[in-house]
Student: 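I have a structure here, written as structure tokens, and I will follow up with some questions on it.
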There are 2 protein chains.
Amino acid sequence: MFHLTFRQLSVFESVARNSSFSRAAEEMHLTQPAVSMQIKQLEENVGLPLFEQMGKKIFLTEAGKELYHYSKMIAQQLAEASLVLSELKGLERGKLNISVVSTANYFAPQLLAQFCSQHPEINVSLNVGNRESVLKQLHDNEVDLAILGRPPEGIDVEAHIFMENRLVIIAAGGHPLAAERHIPASRFQNETFIMREQGSGTRLATEKFFSSHNVLVKTGMEMSTNEAVKQAVQAGMGLGILSMDTVLLEVETGRLKILDVEDFPIIRHWYIVHRQNKRLSGVAEAFKTFLLTKK
Amino acid sequence: MFHLTFRQLSVFESVARNSSFSRAAEEMHLTQPAVSMQIKQLEENVGLPLFEQMGKKIFLTEAGKELYHYSKMIAQQLAEASLVLSELKGLERGKLNISVVSTANYFAPQLLAQFCSQHPEINVSLNVGNRESVLKQLHDNEVDLAILGRPPEGIDVEAHIFMENRLVIIAAGGHPLAAERHIPASRFQNETFIMREQGSGTRLATEKFFSSHNVLVKTGMEMSTNEAVKQAVQAGMGLGILSMDTVLLEVETGRLKILDVEDFPIIRHWYIVHRQNKRLSGVAEAFKTFLLTKK
DNA sequence: TGTTATCATCAATAAATTCTTATGATATAA
DNA sequence: TTATATCATAAGAATTTATTGATGATAACA
């Protein structure tokens, strides 16, 4: 393809519009020979004359008319690009890519909804996965931000606490312990607990709690989702430990009860996380500060 | 608006496509720092980062993705322009603007049709007018070529004969002279002639002919179109002198007769004309040589 | 007919830009 | 940890682009 420059095109456009080299030169703050030169080079590139001079007047040739059309189209594209980019520079537009661990899915949508209502032109891509997949996405730079219950070690990230994460012990609605107050940890000796899988943050915190209280619990039942844990607990298969956010609905309807255990709830935190050195987009930056400054 | 260059855009496009400054540099036969610099300048123009580097890998930012889209659009427009212009360079496409005097309208369409059948992608704009309007269009550079029976003096044009223009004397089908042979000019003394208006080429030639033969004819009837002359002659209002091309049909059907007059037909010519210094388009040039070399 | 407006061209030089070479910094991978 | 790949940066060279000032050609205009 031929080697045009925008300079050539915009000079050409000006000459064509003004039907005059001299007027174009004035308009572009150039001297007339400079304009002549640019047009000449352009004509050499194209391989066809673009203008013809009949006396004092300048006319576009057939080729010139075609090129004029395309130069206007291109100028239009540029103007559009300019607009879009300047919108991105502000906060009117943009896309927020965020990945959250499954537990966070119980409150993240509300937060996003609230944020979006303040910035109507923003697109959000919310990705829900287990801790491992969220970390992978973060590492592969597929998302701007992630919400985790425990900041990753190893990879270089910046993590900020923005919300508490209360772990509570739950039981089925009619469970005998449901009515008791100030239950000591020792009461759970040999109780059956439905747990999330090995490696889950909730599970780690749970195990730490019981071992520090020298209580031995049965942890035979292992579920890979919070929903499964809730179902199992409701069915009376045992007790569970979950983030309070995930059980609000069931507690309200009485299907599950939060036990009043001493030293509970365990307070953990939710972290908003991104890779160090990550150049956050305007939107991502805004969402981050939204989380950190809210309330 | 910001001041982009195609250089910046195409370097950007290459970097974005390759996800690598170094690969882009190889592709464009540049050194890597040159690429870095172009991108840096582009980012300064735009006012937003376009890429982010996470370790060894390069990613487009949101702004980069938008710009990538537009750079592809613009590249597409350029490719299209390139195609159209190279077609114009050949003879596959183009537009022929031609203006002809009304008499020439009896044969010009056939010539154009023949020419177009050889170049199917060509557009033609045929303009028919009286001599005066044709000359004005030529002068105002509104047409590439014109067909005239007499090249204009005064304005600077290039004119080439491409066809004979035979002027004949016509009479109504049943006219007494129609049967005679070798009619001398003197026989037309005091005959009534239906003529085109003052200034018409046909009329000039006619007057010259009779005055050089010392014959006085009656020229009271003046018509502004060839069709009107033919109608008047058919109606028996007098004789007429017209270009043979305009009466072929009527002669064939017997409504008009061409008289067998001594020193007739008067041979004049058809000229293909364009302004001197006019840069003819490929198509116009082709049509001109088509006329000059045909048969 | 002379005057004016317009574009083309040239040479010398100035200004801006683009590119290269050389080097540094950093993260990944062996 | 060392080697490698990758991009950033700086200084100077090379290239491109524009200016100035002069000149020429042409057609419109008065």
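Proteins come first, then strands; the chains are lettered A, B, ... in the order of their sequence lines, and each starts at number 1. No experiment lies behind these values; they were computed from the predicted model shown.
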Student: Round to the nearest Å and state the distance from L60(B) atom CG to dC7(D) atom P.
Tutor: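 For the pair L60(B) CG and dC7(D) P, the rounded distance is 13 Å.
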Student: Think S22(A) has a side-chain N or O under 4.0 angstrom from the OP1 or OP2 of dT6(C)?
Tutor: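 Checking dT6(C) against S22(A), no side-chain N or O comes under 4.0 Å of OP1 or OP2.
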Student: Mind listing the closest non-hydrogen atom pair of Q77(A) and Y70(B) along with its distance?
Tutor: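 Reported closest heavy-atom pair: OE1-CD2, 3.5 Å.
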Student: For dA5(D), does either OP1 or OP2 sit under 4.0 Å from a side-chain N or O belonging to K57(B)?
Tutor: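 No.
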Student: Can you check whether N18(B)'s main-chain N or O pairs, donor with acceptor, with R23(B)'s side chain at less than 3.5 Å?
Tutor: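 Judged by distance alone, no pair lies under 3.5 Å.
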Student: OP1, OP2 of dT21(C) versus side-chain N and O of Q32(B): anything below 4.0 Å?
Tutor: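 For dT21(C), OP1/OP2 do not have a side-chain N/O of Q32(B) under 4.0 Å.
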Student: Rounded to the nearest angstrom, tell me the gap between atom CG in L42(A) and atom P in dT16(D).
Tutor: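 Nearest whole value for this atom pair: 17 Å.
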Student: Are any of S36(A)'s side-chain N or O atoms less than 4.0 Å away from OP1 or OP2 of dT9(C)?
Tutor: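 No, outside the criterion.
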Student: Within less than 4.0 Å of OP1 or OP2 of dC19(C), is there a side-chain N or O belonging to R7(B)?
Tutor: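 The answer is yes; a side-chain N or O of R7(B) sits under 4.0 Å from OP1 or OP2.
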Student: Given atom CD of E44(B) and atom C1' of dA8(D), what is their separation to the nearest angstrom?
Tutor: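 So the two atoms are 13 Å apart, to the nearest Å.
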Student: Does Q41(A) reach a base, just sugar-phosphate, or nothing at all? Heavy atoms under 4.0 Å.
Tutor: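 Sugar-phosphate: the residue Q41(A), judged by heavy atoms under 4.0 Å, touches backbone atoms but no base.
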Student: Are K40(A) and dC7(C) close enough that a side-chain N or O sits under 4.0 Å from OP1 or OP2?
Tutor: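 Checking K40(A) against dC7(C): no side-chain N or O falls below 4.0 Å of OP1 or OP2.
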Student: Would you call the rings of F115(A) and F287(A) parallel, tilted or perpendicular if under 30° counts as parallel and over 60° as perpendicular?
Tutor: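 The arrangement is perpendicular - the two ring planes meet at more than 60°.
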Student: Given atom CD of Q53(B) and atom C1' of dA8(D), what is their separation to the nearest angstrom?
Tutor: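 Spelled out: CD on Q53(B) to C1' on dA8(D) is 9 Å.
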Student: For F59(A) and dC7(C), give me the distance from atom CZ to atom P, rounded to whole Å.
Tutor: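 Interatomic distance, CZ of F59(A) to P of dC7(C): 12 Å.
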Student: P33(B) side chain: which of dA22(C), dA18(D), dT17(D) is closest?
Tutor: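 Among the listed nucleotides, the one closest to the side chain of P33(B) is dA22(C).
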Student: If every non-hydrogen atom of I39(B) is compared with every non-hydrogen atom of F12(B), which pair is closest and at what distance?
Tutor: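 Nearest pair, atom of I39(B) first, then F12(B): CD1-CA, 3.7 Å.
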Student: Under 4.0 Å between a side-chain N or O of Q38(B) and OP1 or OP2 of dC19(C)?
Tutor: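 Yes, within the criterion.
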Student: Side-chain N or O of S20(A) versus OP1/OP2 of dC7(C): is the shortest distance under 4.0 Å?
Tutor: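 S20(A) to dC7(C) OP1/OP2: side-chain N or O found under 4.0 Å.
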Student: In whole angstroms, how far is the C1' atom of dA18(D) from the CD1 atom of I39(A)?
Tutor: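 After rounding, the reported distance stands at 15 Å.
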Student: Could you tell me the separation between the CG atom of L88(A) and the OG1 atom of T61(B), rounded to the nearest 0.5 Å?
Tutor: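 So the gap between those two atoms works out to 8.0 Å.
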Student: Tell me the interatomic distance from M37(B), atom CE, to dG12(D), atom P, rounded to whole angstroms.
Tutor: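 In whole Å, dG12(D) P and M37(B) CE are 14 Å from each other.
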Student: In whole Å, I'd like the distance from the CZ atom of F21(B) to the C1' atom of dC19(C).
Tutor: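 In whole Å, dC19(C) C1' lies 16 Å from F21(B) CZ.
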Student: For R23(A) and dT6(C), is the shortest distance between a side-chain N/O and OP1 or OP2 below 4.0 Å?
Tutor: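 Looking at the OP1 and OP2 atoms of dT6(C), one of them is under 4.0 Å from a side-chain N or O of R23(A).
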Student: Between dC19(C) and T31(B), is there an OP1 or OP2 to side-chain N/O distance shorter than 4.0 Å?
Tutor: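 So the side-chain polar atoms of T31(B) never come under 4.0 Å of the phosphate oxygens OP1 or OP2 of dC19(C).
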